[in-house]
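To start, the structure itself, in C-alpha coordinates.
Please read all numbers here as calculations on a predicted model, not as lab measurements. All ligand and atom numbering here is 1-based and tracks the order in the structure. All residue numbers in this chain count up from 1 along the given sequence.
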Amino acid sequence: RGKRAFIAGVADDNGYGWAIAKSLAAAGAEIVVGTWVPALNIFESSLRRGKFDESRVLPDGSLMEITKVYPMDAVFDSPEDVPEDELVESVKQDFGSIDILVHSLANGPEVSKPLLETSRYGYLAAISASSYSFISLLKHFVPIMNPGGSSISLTYIASERIIPGYGGGMSSAKAALESDTRVLAFEAGRKHKIRVNTISAGPLRSRAAKAIGFIDMMIDYSLANAPLQKELSAEEVGNTAAFLASPLASAITGAVVYVDNGLNAMGVGI
Ligand code: NAD
(Lines give C-alpha, C1' and ligand atoms only; values in the text may rest on other atoms or scores of the structure.)
Protein backbone atom coordinates (compact mmCIF):
# COMPACT_ATOMS: atom_id res chain seq x y z
CA ARG A 1 0.00 0.00 0.00
CA GLY A 2 1.13 3.55 -0.71
CA LYS A 3 1.74 5.94 2.13
CA ARG A 4 -0.87 8.37 3.38
CA ALA A 5 0.03 11.95 4.34
CA PHE A 6 -1.87 14.47 6.40
CA ILE A 7 -0.73 18.00 5.61
CA ALA A 8 -1.86 20.74 7.97
CA GLY A 9 -1.76 24.30 6.62
CA VAL A 10 -2.88 24.21 2.99
CA ALA A 11 -5.29 26.95 1.95
CA ASP A 12 -4.11 27.87 -1.56
CA ASP A 13 -1.56 26.78 -4.18
CA ASN A 14 1.14 29.33 -3.27
CA GLY A 15 2.54 28.04 0.01
CA TYR A 16 4.95 25.34 1.12
CA GLY A 17 2.09 23.04 2.20
CA TRP A 18 0.77 22.80 -1.35
CA ALA A 19 4.24 22.14 -2.78
CA ILE A 20 4.88 19.43 -0.18
CA ALA A 21 1.54 17.84 -1.04
CA LYS A 22 2.54 17.78 -4.71
CA SER A 23 5.96 16.23 -4.11
CA LEU A 24 4.45 13.59 -1.84
CA ALA A 25 1.71 12.88 -4.40
CA ALA A 26 4.32 12.60 -7.16
CA ALA A 27 6.11 10.03 -5.00
CA GLY A 28 2.90 8.02 -4.74
CA ALA A 29 1.43 9.12 -1.42
CA GLU A 30 -2.28 9.64 -0.81
CA ILE A 31 -2.92 13.26 0.17
CA VAL A 32 -5.24 14.47 2.91
CA VAL A 33 -5.10 18.08 4.06
CA GLY A 34 -6.16 20.19 7.03
CA THR A 35 -7.29 23.73 6.24
CA TRP A 36 -7.79 26.59 8.67
CA VAL A 37 -11.52 27.13 9.20
CA PRO A 38 -11.63 30.77 7.98
CA ALA A 39 -10.01 29.73 4.68
CA LEU A 40 -11.84 26.43 4.22
CA ASN A 41 -14.82 27.44 2.06
CA ILE A 42 -12.84 29.42 -0.46
CA PHE A 43 -10.16 26.71 -0.69
CA GLU A 44 -12.67 23.92 -1.24
CA SER A 45 -14.74 25.85 -3.75
CA SER A 46 -11.65 26.95 -5.69
CA LEU A 47 -10.47 23.34 -5.74
CA ARG A 48 -13.88 22.16 -6.99
CA ARG A 49 -14.14 24.90 -9.61
CA GLY A 50 -10.77 23.93 -11.09
CA LYS A 51 -8.96 27.11 -10.08
CA PHE A 52 -5.92 25.09 -8.99
CA ASP A 53 -5.93 22.62 -11.89
CA GLU A 54 -2.86 24.12 -13.52
CA SER A 55 -0.87 23.84 -10.30
CA ARG A 56 -2.19 20.33 -9.67
CA VAL A 57 -0.21 18.94 -12.62
CA LEU A 58 2.35 16.36 -11.50
CA PRO A 59 5.56 15.48 -13.38
CA ASP A 60 3.85 12.51 -15.08
CA GLY A 61 1.08 14.78 -16.40
CA SER A 62 -1.64 13.55 -14.04
CA LEU A 63 -3.40 15.86 -11.56
CA MET A 64 -2.73 15.68 -7.82
CA GLU A 65 -5.78 14.28 -6.03
CA ILE A 66 -6.61 15.56 -2.55
CA THR A 67 -8.66 12.73 -1.08
CA LYS A 68 -10.20 14.85 1.66
CA VAL A 69 -10.00 18.34 3.15
CA TYR A 70 -10.59 18.60 6.89
CA PRO A 71 -11.42 21.79 8.76
CA MET A 72 -8.78 22.45 11.39
CA ASP A 73 -7.71 25.07 13.86
CA ALA A 74 -4.30 25.00 15.45
CA VAL A 75 -5.50 27.29 18.24
CA PHE A 76 -8.82 26.20 19.61
CA ASP A 77 -9.78 28.55 22.37
CA SER A 78 -13.37 29.21 21.36
CA PRO A 79 -16.12 26.58 21.27
CA GLU A 80 -16.85 26.94 17.53
CA ASP A 81 -13.25 26.01 16.67
CA VAL A 82 -12.38 22.43 15.79
CA PRO A 83 -10.35 20.68 18.46
CA GLU A 84 -7.61 18.34 17.31
CA ASP A 85 -9.04 15.25 19.00
CA GLU A 86 -12.16 15.59 16.82
CA LEU A 87 -9.99 16.06 13.73
CA VAL A 88 -7.90 12.96 14.44
CA GLU A 89 -11.02 10.94 15.29
CA SER A 90 -12.46 11.80 11.85
CA VAL A 91 -9.20 10.91 10.07
CA LYS A 92 -9.10 7.64 11.99
CA GLN A 93 -12.68 6.78 11.03
CA ASP A 94 -12.09 7.68 7.38
CA PHE A 95 -8.65 6.15 6.85
CA GLY A 96 -7.53 4.19 9.91
CA SER A 97 -3.96 5.45 9.93
CA ILE A 98 -1.44 7.82 8.37
CA ASP A 99 2.30 7.55 7.66
CA ILE A 100 3.36 11.15 7.14
CA LEU A 101 2.38 14.23 9.15
CA VAL A 102 3.26 17.69 7.84
CA HIS A 103 2.84 20.92 9.83
CA SER A 104 3.03 23.86 7.44
CA LEU A 105 1.42 26.67 9.38
CA ALA A 106 2.34 29.64 11.47
CA ASN A 107 0.63 32.73 12.78
CA GLY A 108 1.85 35.74 14.74
CA PRO A 109 -0.64 38.59 15.16
CA GLU A 110 2.13 41.07 15.97
CA VAL A 111 4.70 39.80 13.43
CA SER A 112 5.21 43.31 12.07
CA LYS A 113 6.15 44.70 15.52
CA PRO A 114 9.72 44.51 16.78
CA LEU A 115 10.23 42.02 19.61
CA LEU A 116 10.90 44.91 21.97
CA GLU A 117 7.39 46.24 21.27
CA THR A 118 5.59 42.90 21.31
CA SER A 119 2.82 42.41 23.85
CA ARG A 120 2.58 39.35 26.06
CA TYR A 121 -0.60 38.47 24.19
CA GLY A 122 1.11 38.71 20.78
CA TYR A 123 4.12 36.70 21.90
CA LEU A 124 2.06 33.90 23.43
CA ALA A 125 -0.26 33.85 20.41
CA ALA A 126 2.75 33.37 18.08
CA ILE A 127 4.07 30.50 20.21
CA SER A 128 0.61 28.97 20.50
CA ALA A 129 -0.21 28.98 16.77
CA SER A 130 3.31 28.33 15.47
CA SER A 131 5.05 26.08 18.03
CA TYR A 132 2.62 24.45 20.44
CA SER A 133 0.42 23.68 17.43
CA PHE A 134 3.07 21.20 16.26
CA ILE A 135 3.33 19.51 19.65
CA SER A 136 -0.44 19.24 19.80
CA LEU A 137 -0.77 17.97 16.23
CA LEU A 138 1.88 15.28 16.73
CA LYS A 139 0.52 14.30 20.13
CA HIS A 140 -2.93 13.74 18.67
CA PHE A 141 -1.82 12.04 15.44
CA VAL A 142 0.93 9.82 16.80
CA PRO A 143 -1.51 7.13 18.05
CA ILE A 144 -2.75 6.64 14.46
CA MET A 145 0.69 6.88 12.80
CA ASN A 146 2.25 3.70 11.51
CA PRO A 147 5.68 2.83 12.99
CA GLY A 148 8.41 4.05 10.65
CA GLY A 149 6.33 7.16 9.95
CA SER A 150 7.67 10.64 9.67
CA SER A 151 6.64 14.15 10.69
CA ILE A 152 7.91 17.42 9.26
CA SER A 153 7.46 21.08 10.12
CA LEU A 154 8.68 24.30 8.50
CA THR A 155 10.99 26.72 10.25
CA TYR A 156 12.92 29.87 9.41
CA ILE A 157 16.50 31.02 10.10
CA ALA A 158 15.19 33.96 12.17
CA SER A 159 15.23 31.43 15.05
CA GLU A 160 19.03 31.57 15.24
CA ARG A 161 20.15 34.71 13.39
CA ILE A 162 18.81 38.24 13.56
CA ILE A 163 16.27 38.89 10.79
CA PRO A 164 14.89 42.39 11.39
CA GLY A 165 11.20 42.48 10.44
CA TYR A 166 10.37 38.95 11.60
CA GLY A 167 8.91 40.19 14.85
CA GLY A 168 6.06 39.65 17.25
CA GLY A 169 7.79 36.67 18.84
CA MET A 170 7.83 34.73 15.56
CA SER A 171 11.62 34.36 15.84
CA SER A 172 11.11 32.94 19.35
CA ALA A 173 8.35 30.64 18.07
CA LYS A 174 10.68 29.17 15.43
CA ALA A 175 13.44 28.70 18.02
CA ALA A 176 10.96 26.77 20.17
CA LEU A 177 9.84 24.71 17.16
CA GLU A 178 13.45 23.71 16.39
CA SER A 179 14.20 22.79 19.98
CA ASP A 180 10.95 20.83 20.22
CA THR A 181 11.93 18.98 17.01
CA ARG A 182 14.87 17.47 18.91
CA VAL A 183 12.96 16.58 22.08
CA LEU A 184 9.98 15.21 20.15
CA ALA A 185 12.33 13.18 17.93
CA PHE A 186 13.56 11.46 21.08
CA GLU A 187 10.14 10.92 22.61
CA ALA A 188 8.26 9.91 19.44
CA GLY A 189 11.25 7.88 18.24
CA ARG A 190 11.60 5.84 21.39
CA LYS A 191 7.91 5.35 21.98
CA HIS A 192 6.43 5.14 18.47
CA LYS A 193 9.34 4.75 15.97
CA ILE A 194 8.28 8.05 14.40
CA ARG A 195 10.86 10.50 12.99
CA VAL A 196 10.58 14.25 13.62
CA ASN A 197 12.42 16.77 11.43
CA THR A 198 12.04 20.39 10.44
CA ILE A 199 12.94 22.15 7.19
CA SER A 200 14.50 25.59 7.52
CA ALA A 201 13.20 27.07 4.30
CA GLY A 202 14.38 30.13 2.41
CA PRO A 203 12.01 32.94 1.43
CA LEU A 204 8.89 32.18 -0.64
CA ARG A 205 6.17 34.62 -1.74
CA SER A 206 3.34 32.76 0.04
CA ARG A 207 0.19 34.36 1.35
CA ALA A 208 1.53 34.31 4.92
CA ALA A 209 4.89 35.75 3.87
CA LYS A 210 3.29 38.57 1.89
CA ALA A 211 1.36 39.51 5.02
CA ILE A 212 4.65 40.01 6.92
CA GLY A 213 5.59 42.66 4.37
CA PHE A 214 9.32 42.12 3.78
CA ILE A 215 9.29 39.06 1.56
CA ASP A 216 10.47 40.75 -1.66
CA MET A 217 13.42 42.21 0.21
CA MET A 218 14.30 38.78 1.63
CA ILE A 219 14.10 37.16 -1.81
CA ASP A 220 16.34 39.89 -3.28
CA TYR A 221 18.78 39.53 -0.37
CA SER A 222 19.03 35.79 -0.93
CA LEU A 223 19.50 36.23 -4.67
CA ALA A 224 22.33 38.67 -4.03
CA ASN A 225 24.06 36.84 -1.18
CA ALA A 226 23.38 33.08 -1.18
CA PRO A 227 25.92 30.62 -2.58
CA LEU A 228 23.31 29.56 -5.17
CA GLN A 229 22.04 32.70 -6.90
CA LYS A 230 18.62 31.53 -8.05
CA GLU A 231 15.12 32.07 -6.73
CA LEU A 232 14.07 29.27 -4.39
CA SER A 233 11.08 27.31 -5.66
CA ALA A 234 8.50 25.81 -3.33
CA GLU A 235 9.03 22.53 -5.16
CA GLU A 236 12.60 22.33 -3.83
CA VAL A 237 11.21 22.38 -0.30
CA GLY A 238 8.49 19.91 -1.33
CA ASN A 239 11.08 17.50 -2.71
CA THR A 240 13.12 17.68 0.51
CA ALA A 241 9.97 16.91 2.50
CA ALA A 242 9.31 13.90 0.24
CA PHE A 243 12.88 12.71 0.84
CA LEU A 244 12.61 13.20 4.62
CA ALA A 245 9.30 11.31 4.66
CA SER A 246 10.73 8.41 2.65
CA PRO A 247 12.79 5.37 3.70
CA LEU A 248 15.79 7.11 2.07
CA ALA A 249 15.89 9.26 5.22
CA SER A 250 15.29 6.38 7.67
CA ALA A 251 18.16 7.44 9.96
CA ILE A 252 17.40 11.16 9.95
CA THR A 253 15.49 12.48 12.94
CA GLY A 254 15.72 15.51 15.21
CA ALA A 255 17.29 17.47 12.34
CA VAL A 256 16.95 21.02 11.06
CA VAL A 257 17.46 20.65 7.30
CA TYR A 258 18.25 23.86 5.40
CA VAL A 259 16.61 24.32 2.02
CA ASP A 260 17.64 27.89 1.30
CA ASN A 261 20.19 27.91 -1.55
CA GLY A 262 22.85 27.80 1.19
CA LEU A 263 22.15 31.29 2.58
CA ASN A 264 22.43 29.99 6.17
CA ALA A 265 26.10 29.22 5.64
CA MET A 266 27.09 32.80 4.83
CA GLY A 267 28.75 34.93 7.48
CA VAL A 268 28.47 38.24 5.68
CA GLY A 269 26.55 39.29 2.61
CA ILE A 270 28.87 39.85 -0.34
P1 NAD B 1 0.94 29.78 3.78
O2 NAD B 1 0.10 31.01 3.86
O3 NAD B 1 0.83 28.96 2.54
O4 NAD B 1 0.69 28.80 4.99
C5 NAD B 1 0.33 29.19 6.28
C6 NAD B 1 -0.93 28.44 6.63
O7 NAD B 1 -1.20 28.54 8.02
C8 NAD B 1 -2.17 28.98 5.90
O9 NAD B 1 -2.77 27.92 5.17
C10 NAD B 1 -3.07 29.40 7.05
O11 NAD B 1 -4.44 29.19 6.76
C12 NAD B 1 -2.59 28.48 8.17
N13 NAD B 1 -2.94 28.90 9.53
C14 NAD B 1 -2.68 30.07 10.13
N15 NAD B 1 -3.18 30.06 11.38
C16 NAD B 1 -3.74 28.84 11.57
C17 NAD B 1 -4.43 28.22 12.65
N18 NAD B 1 -4.63 28.84 13.81
N19 NAD B 1 -4.89 26.97 12.48
C20 NAD B 1 -4.69 26.31 11.33
N21 NAD B 1 -4.05 26.84 10.28
C22 NAD B 1 -3.58 28.10 10.40
O23 NAD B 1 2.43 30.28 4.01
P24 NAD B 1 3.84 29.53 4.05
O25 NAD B 1 4.83 30.65 4.00
O26 NAD B 1 3.93 28.47 3.04
O27 NAD B 1 3.90 28.92 5.51
C28 NAD B 1 4.04 27.55 5.79
C29 NAD B 1 5.16 27.33 6.79
O30 NAD B 1 6.39 27.66 6.18
C31 NAD B 1 5.06 28.20 8.05
O32 NAD B 1 5.47 27.45 9.17
C33 NAD B 1 6.08 29.29 7.77
O34 NAD B 1 6.57 29.90 8.94
C35 NAD B 1 7.14 28.47 7.07
N36 NAD B 1 8.17 29.24 6.35
C37 NAD B 1 7.82 30.11 5.36
C38 NAD B 1 8.80 30.85 4.69
C39 NAD B 1 8.43 31.81 3.59
O40 NAD B 1 9.28 32.62 3.18
N41 NAD B 1 7.23 31.76 3.05
C42 NAD B 1 10.15 30.67 5.03
C43 NAD B 1 10.49 29.76 6.04
C44 NAD B 1 9.49 29.06 6.69
(request) Starting from atom 25 (O) of ligand 1, locate the nearest protein heavy atom and write down its residue, its atom name and how far away it is, to 0.1 Å. (result) S206 OG, 2.6 Å
(message) Between T198 and T181, does the side-chain hydrogen bond (donor to acceptor under 3.5 Å, both in side chains) criterion hold? Intermediate values first, please.
(response) CA-CA 7 Å; T198 189; T181 297; 4.5 Å; no
(request) Flag the pair K230 and E236 as a salt bridge only when some basic side-chain nitrogen lies within less than 4.0 angstrom of an acidic carboxylate oxygen. (result) yes
(message) Using a strict threshold of under 4.0 Å (side-chain N to carboxylate O), is an ion pair present between E65 and R56?
(response) yes
(request) Determine, using the 4.5 Å side-chain heavy-atom cutoff (strictly less than), whether L204 and L105 are members of one ILVMFWY cluster. (result) no
(message) Are the side chains of I199 and Y16 in contact, using a 4.5 Å heavy-atom criterion?
(response) no
(request) Find all atoms of ligand 1 within a distance of less than 4.0 Å from any non-hydrogen atom belonging to A106, and give their numbers and elements. (result) 7 (O), 14 (C), 31 (C), 32 (O), 34 (O)
(request) From the options S130, S104, G202, select the one whose nearest heavy atom is closest to atom 28 (C) of ligand 1. (result) S104
(request) Grab the two heavy atoms, one from I194 and one from T253, that are nearest each other, plus how far apart they are. (result) O-OG1, 4.5 Å
(message) If we set the cut-off at 4.0 Å for heavy atoms, which region of T155 has an atom near ligand 1: side chain, backbone, both, or neither?
(response) backbone
(message) Below a 4.0 angstrom heavy-atom separation, can you tell me which part of A129, side chain or backbone, both or neither, approaches ligand 1?
(response) neither
(request) Among all protein heavy atoms, pick the one closest to atom 15 (N) of ligand 1 and tell me residue, atom and distance. (result) N107 ND2, 3.1 Å
(request) Identify, by atom number and element, the atoms of ligand 1 in contact range of Y156, meaning under 4.0 Å from any of its heavy atoms. (result) 42 (C), 43 (C)
(message) Closer than 4.0 Å to some heavy atom of L204 - which atoms of ligand 1 meet that?
(response) 39 (C), 40 (O), 41 (N)
(message) Give me the nearest non-hydrogen protein atom to atom 30 (O) of ligand 1 as residue plus atom name, then the distance to 0.1 Å.
(response) L154 CB, 3.3 Å
(request) Under 4.0 Å from a heavy atom of A74: give me the atoms of ligand 1 that qualify, with their elements. (result) 17 (C), 18 (N), 19 (N), 20 (C)
(request) Take every heavy atom of T35, measure it against each atom of ligand 1, and state whether any distance is under 4.0 Å. (result) no
(request) Give the numbers and elements of all ligand 1 atoms closer than 4.0 Å to a heavy atom of P203. (result) 40 (O)
(message) Counting non-hydrogen protein atoms only, what is the nearest one to atom 7 (O) of ligand 1? Give residue, atom name and distance.
(response) L105 CB, 3.2 Å
(message) Measuring from non-hydrogen atoms of A8 to any atom of ligand 1, is the shortest distance under 4.0 Å?
(response) no
(request) With heavy atoms of R207 as the reference, note each atom of ligand 1 found under 4.0 Å away. (result) 2 (O)
(message) Which of the numbered atoms in ligand 1 are under 4.0 angstrom from any heavy atom belonging to G15?
(response) 3 (O), 26 (O)
(message) Tell me whether I219 shares a hydrophobic cluster with M170, the cluster being built from Ile, Leu, Val, Met, Phe, Trp, Tyr side chains joined at under 4.5 Å.
(response) no
(request) Consider only side-chain N and O atoms of W18 and D12, and report whether a donor and an acceptor are under 3.5 Å apart. (result) no
(request) Note the single closest protein heavy atom to atom 32 (O) of ligand 1, along with its residue, its atom name and the distance in Å. (result) K174 NZ, 3.0 Å
(message) I want to know if ligand 1 touches A208 in the polar sense, i.e. an N/O pair below 3.5 angstrom.
(response) yes
(message) Could you tell me if S206 and N14 have a donor-acceptor pair between their side chains, going purely by distance under 3.5 Å?
(response) no
(message) Applying a heavy-atom cut-off of 4.0 Å, say which part of A39 lies close to ligand 1: side chain, backbone, both or neither.
(response) neither
(message) I'd like to know if the side chain of S23 pairs up with that of E235 as donor and acceptor (distance under 3.5 Å, no hydrogens or angles considered).
(response) no
(request) Answer yes or no: is there an ion pair linking R205 with D216, defined by an N-O contact shorter than 4.0 Å? (result) yes
(request) Check each atom of ligand 1 against the heavy atoms of V75 and keep those under 4.0 Å away; list them by number with element. (result) 18 (N)
(message) Can you check which of W18, F214, Y16, W36 brings a heavy atom nearest to atom 21 (N) of ligand 1?
(response) W36
(message) A side-chain contact here means heavy atoms from C-beta on lying under 4.5 Å apart; do I157 and L263 qualify?
(response) no
(request) Taking the six-membered ring for Trp and the full ring for Phe, Tyr or His, determine whether the centres of F6 and F95 are under 6.0 Å apart. (result) no
(request) May I ask you to identify the nearest protein heavy atom to atom 8 (C) of ligand 1, giving residue, atom name and distance to one decimal place in Å? (result) G9 O, 4.3 Å
